[in-house]
Asker: 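What follows is a structure written as C-alpha cells; I'll ask about it next.
Just so we're on the same page: letters track the sequence lines, and every chain starts at 1. These numbers were taken from a predicted model, which means no experiment stands behind them.
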Amino acid sequence: MRYLGSSRKIKAKEAAASPAELIAQPLSASITENLDTLKKLLQGCSDAVLKEFRFGPAPTTGYLIYFDGLADRKEIEDNLLRTLLLELNMIPKDGTALLEGPEMFASLQNRILTLAELKSLESIEEVCHHIASGDCVILIDGWSKGLVAGTRSWEGRKVASPENEIVIFGPKEGFTETIRFNTALLRRRLKSTSFKIESMVLGRISKTDVVVCYIENIAPPGLVEEVKKRLSKIDIDAVLDTGYISEIIADNRWTIFNQMEYTEKPDRVCGSLLEGRLAIMVDGSPMVLVLPISFPQYIVSPEDYYLHFIPASLYRLLRLVAFMMALTLPSLYVAIITYHHEMIPTPLLLTIAATRQGVPFPAFVEALILDLTFELLREAGLRLPRAVGPAVSIVGALIIGDAAVRAGLVSTPMVVIIAFTGIASFVTPSYNAGTVIRIARFGFLFAAGALGFLGITIALILMGLRMVSLTSFGMPYMAPIAPFNLQQMGDIIIRRPWFKNRERPFIEGMKNQVRQSVPSEDGGVKKQ
Amino acid sequence: MKRLAAAALLILILLQPGCGSIEINQASVPIGMALDYQAGQIHLAVQMANPTSPEQSGGQGPRFFILTSTGRTMIEATRNIMLSFPRRPLWSQAGLYIFGEDFARSDMDMFADGVTRSRFIRKNIPIVVAHGATAEEVINVKPLIEPYTSTAIRDLLQTQESQLGIYTPVTMIEFVDRLSAPGVEPVLPMITIDRSSEKEKLLLDGMAVFKDRKMIGSLNEPESRGYRLLSPKMIQGGLFLIRSPQDENGWITLELSRSQAKITPLLEGSQITMQIELKAEGNFYEQTGTGELFSLPVFAQLNALASQELEQEIRQCIGQAQTLNSDFLGWGQIIQASHPQPWKELEPVWDQVFPNIQADVKVDFKIRRSYLTDTSFTFRE
C-alpha cells in the first residue's frame, strides 16, 4: 500500500509539468530557469554532469552539460574550459572585448572556441538529444540559445575481422557497433560524392541513428524512396539491431525466407551497392542489411569475386551441391531405405541391413532423433562459454555418436548421413540460407517419412511455389531463375570473369547498367 | 479452431507411414531365385543373404541360406515362402534367375506374364538355365570368391564374354521380349555344376535354344561363338585359335577386338538368301611352333585363315538353328524390318521357310596389332 501511495504522489508531481511538456519548451534567456527544467529531466540520471563556470570580464555564468563516459572529457577541458577560463584572459584587450555586446554569442561560436564541430541550438529537446549522444552543451546566462560542441567519444570495439563471415581472400575488416566508424569504412572504399549516406533517427526512446546507403545514379530511385518511406513509417520504442527493421519492412512477413541479407563485411556491402542495392545500418549493430536480395544469391560468397573465376565457379557449384545435400540428404536416405529399396545396390543394402539389425526405431524416427541431436549440439556450441565449447563438441560428436551406435539406438549409416548433412549445411556462406535449410530439412524429412520420393517431390514443389511467390522490395525472390534471365544466371551458378562482367545485374527501375567501358554512364569521369 | 484441426490432421497424416514402406530391419534380401518344375508344381529356391556388418566380416559363417517353397504358380510359390520365413523379402534385389532344365523345357507361360507384371522383379538381371543339375542344386553351390551366386554368375558371364567371347549374356527383358516378338526366339546361357574336383564349382556350358515358349535344344561352344558373331550389335573382345600356316602342329591365338555383322535379306521369288557380312578386327596374341609369320603375304594368309575360322563358327550356328528350326538369330525380325510386305505372307509359314534359307557368309578379318613384339619369337639356334 505504501508503494501505491508513493507512486500516486509521483503522479501528482508529474501532473504539474510532465516530461513531455518540459522537453518541448524552448530555451529561456534565464539560466536558472533552463537549469531547473534540465534538472527535472535529468533527475535520476547519475551520469549527467552539470558544471557551472564563470568567464569574461564581468563574469558571466555558464553551464557545461554532458554525460560522463560519452563525451571526451579531455577535449572539453582543453578546448572549452581552458579557452574560456584561461587563454581568453591572456589576450588583454581583444579577448575580453569579444565578450561584450550583442555579438558575444556569435563570437563564442565562431572566434573563440577551438572545436571543429560547434552548432547553436534553441530548445530543451535538442539539448537532451545532444547530451545523450555524447555532445557537450554550453548554456550561457542571458542567452536563449545554447552551444553544442561535438565531443562524442566513447570506448568501442576496434575494427576487427568478423567472426561469422570468415574469408581467406580479400579484405578482412568488419563493421563495429559504432555507426560513424561503419560509414567511414564504406566511404573509404567508395570515394565518390554519388555514394550517399542518408541519415534518420528511429526509436522513441533509443533515438537510434539509422542510415540508408546507396549510390545515387546506380540504385533505382524508386527503390530508395520506397525504403525511406517504409523506414519512416516505423514507430517503435527502440531499435537495437537491424533485425528489428528487417522484420518490419519486409514485403512478406510470415515466412522463413529472409528477404534481406545481413553482413558484417564492408567490402560485401560495397559490392552490393555497386550492383544497385541499398544498405541499411543501425547504430549499435555491426550487422548491415543489404536489400533487395534474391534467394540464389545466398550461395554467393564475397570471396568469389576476389578469387580467380575458374576456382570460384567450381566452389559455387560445390556450394550448390552442398546446399541441395544439406536440404535433402536425410530425407532422401529415409525415403530410399523405407520405400525405394530397389535403388540401393545389393551389397550396400546388405551393409545397411546389417547395421540396422536391432535398431528399435523406424528410419524416419532415427533420422529425426539424430537431426535434432545435431541441432541441439550446434545450438549448445554457439551459446556455451568458449572454454567449455570444445568439450561439448567432443562429448557430442564422439561420445554420444559412438555410444548411441554401440547401444543400438541408431545405425551407423544414419550417423554418417547426418554428419554429412551437418557439414554440408555449413558450406552455405549465408547464415540466413542456413536457417532456411535447417528448418526446411525437417519438413522434407516428414514428407519423406510419409510418402517417400513422392513426398519429397511434393515438398520441393511446395517450397518452390512459396519461394517464387515472394518478393524482396519488388524484386522476385527467385530471380534470376524465375523469371529466368540468362545474362544474370552467368553470375549465379558460376562466377563470371571480371573481363566479361560488363553489366550490373538488373534491378527493376535501374537506369545505369553498364559497369565497364562507359564510365560516363557510371557517373564517373571518362579518362582522356 | 478449424486451422488448428487441419494442422493436427496434417501432422497425424504425416506421422503415418505410407503404404509400401518396409523398414530394412524387418525385411530380408533375396539374392537369386531358382525355378524348377516337377509334377505340375513349381519349386522355388531362394538364395537369401545373411546380412553381415563390415566390422564382423571375415570367413565366419555362410553368407547366404536357401529357402524353398512350392506353388502352382510362380507368384504363389514366392508368397508361400512366407509360411516359413518371418521377414518380407525385397524381391527387387534378386539379381539372378536360374531355370531348371525341366522348367525351361515346359511352357514359359508359367513365367512371362508374372514377370512382366510384377514391379518387384528387376528386368536388367541375367537369366541362365541349369543343365545337368536342378536349379536348386546350382543355387546351393557356394561360388568361388564371390559371396553370392547371383553376382558370381553375372560376373562370370560378363568376363568370359570380353575375355573369351563364347557365350552371350541374356537379360530378363531381352528374354521376355523375344518370347513375345515375332520372328525371333530366345536363347539363354546354360550353367552346370563341375563335379570333377572335390569342391563343386559353377561352370558355363552351352546355350539353351527356345522355340515356341519352351526349350528345345542347345548350342555347343563353336555354335555359341557363331551366335555371338551373328549378333547385329557391335561385339568387343574374344579369343580364337587358328592353325599356323607354316607349321602344321602350331597354333596361333588371335584376339578379337571388335566385330560387326551386317545381315541383309535377299528375297528372290520363293528363295530367301541372308547376306551376312562380318567385318572383324583382331590382334595377334601368340603362336606356337616355329616360322616367321610377320610378313605381309603371311599376314594376308592369316587373315584368310581367321576369316575362314569365323565363317565356320557362323555356319555351324546357322546349321544348328535350322536343324532345331528355331529362329533365335532373329532373321524373321530382320526381314520384317526390311521387307514388311513379304513378311506378312512369310510369318504364318515361317517354320517351313526358315530351315531352307540360304546363308551367304562373307567374313573380313584383319589383324591390327601384335602387342609388344613385331616379329616371331626366335629361339637360340
Asker: Decide if atom CZ of B/R87 counts as having more than 12 heavy atoms of other residues, nucleotides or ligands within a radius under 6.0 Å.
Answerer: yes

Asker: Please check this pair: side chain of B/N25 against backbone of A/R356, looking for a donor-acceptor N/O pair closer than 3.5 Å.
Answerer: yes

Asker: Is there any salt bridge (charged side-chain N to carboxylate O under 4.0 Å, His left out) pair reaching into residues 426-455 of chain A, and which pairs are they, with sequence neighbours excluded?
Answerer: A/D371-A/R441, A/E375-A/R438, A/E375-A/R441, A/E379-A/R438

Asker: Among A/I344, A/L454, A/V365, who wins on heavy-atom pairs under 4.5 Å with chain B?
Answerer: A/I344

Asker: How many angstroms lie between NE2 in A/H341 and CH2 in B/W91, if you round to the nearest 0.5 Å?
Answerer: 14.5 Å

Asker: Where does B/I22 contact chain A at under 4.5 Å (heavy atoms): side chain, backbone, both or neither?
Answerer: both

Asker: Can you name the nearest heavy-atom pair linking B/E23 to A/A363, along with the distance?
Answerer: OE1-N, 3.0 Å

Asker: Test side chain to side chain contact (heavy atoms under 4.5 Å, CB included) on A/L350 and B/I31; report intermediate values, then the result.
Answerer: CA-CA 10 Å; A/L350 289 169; B/I31 296 294; 4.3 Å; yes

Asker: Do B/T151 and A/T346 come close enough that some side-chain heavy atom pair is under 4.5 Å?
Answerer: no

Asker: Can you check whether anything in residues 64-77 of chain B gets within less than 4.5 Å of chain A, heavy-atom wise, and list it by number?
Answerer: none

Asker: Count the heavy atoms belonging to other residues, nucleotides or ligands that lie under 6.0 Å from CD1 of B/I145, then report whether that count exceeds 12.
Answerer: no

Asker: Answer yes or no: does atom CZ of A/F442 have more than 12 heavy-atom neighbours from other residues, nucleotides or ligands under 6.0 Å?
Answerer: yes

Asker: Checking heavy atoms, do the side chain of A/P347, its backbone, both or neither come under 4.5 Å from chain B?
Answerer: neither

Asker: Is the shortest distance from a Lys or Arg side-chain nitrogen in A/E342 or B/R119 to a carboxylate oxygen in the other one below 4.0 Å?
Answerer: no

Asker: Step by step, would you call A/T338 with B/I24 a side chain to side chain contact (heavy atoms under 4.5 Å, CB included)?
Answerer: CA-CA 7 Å; A/T338 39; B/I24 282 189; over 6 Å; no

Asker: Step through the shown structure and confirm whether more than 12 heavy atoms of other residues, nucleotides or ligands are within 6.0 Å of CD on A/E247.
Answerer: no

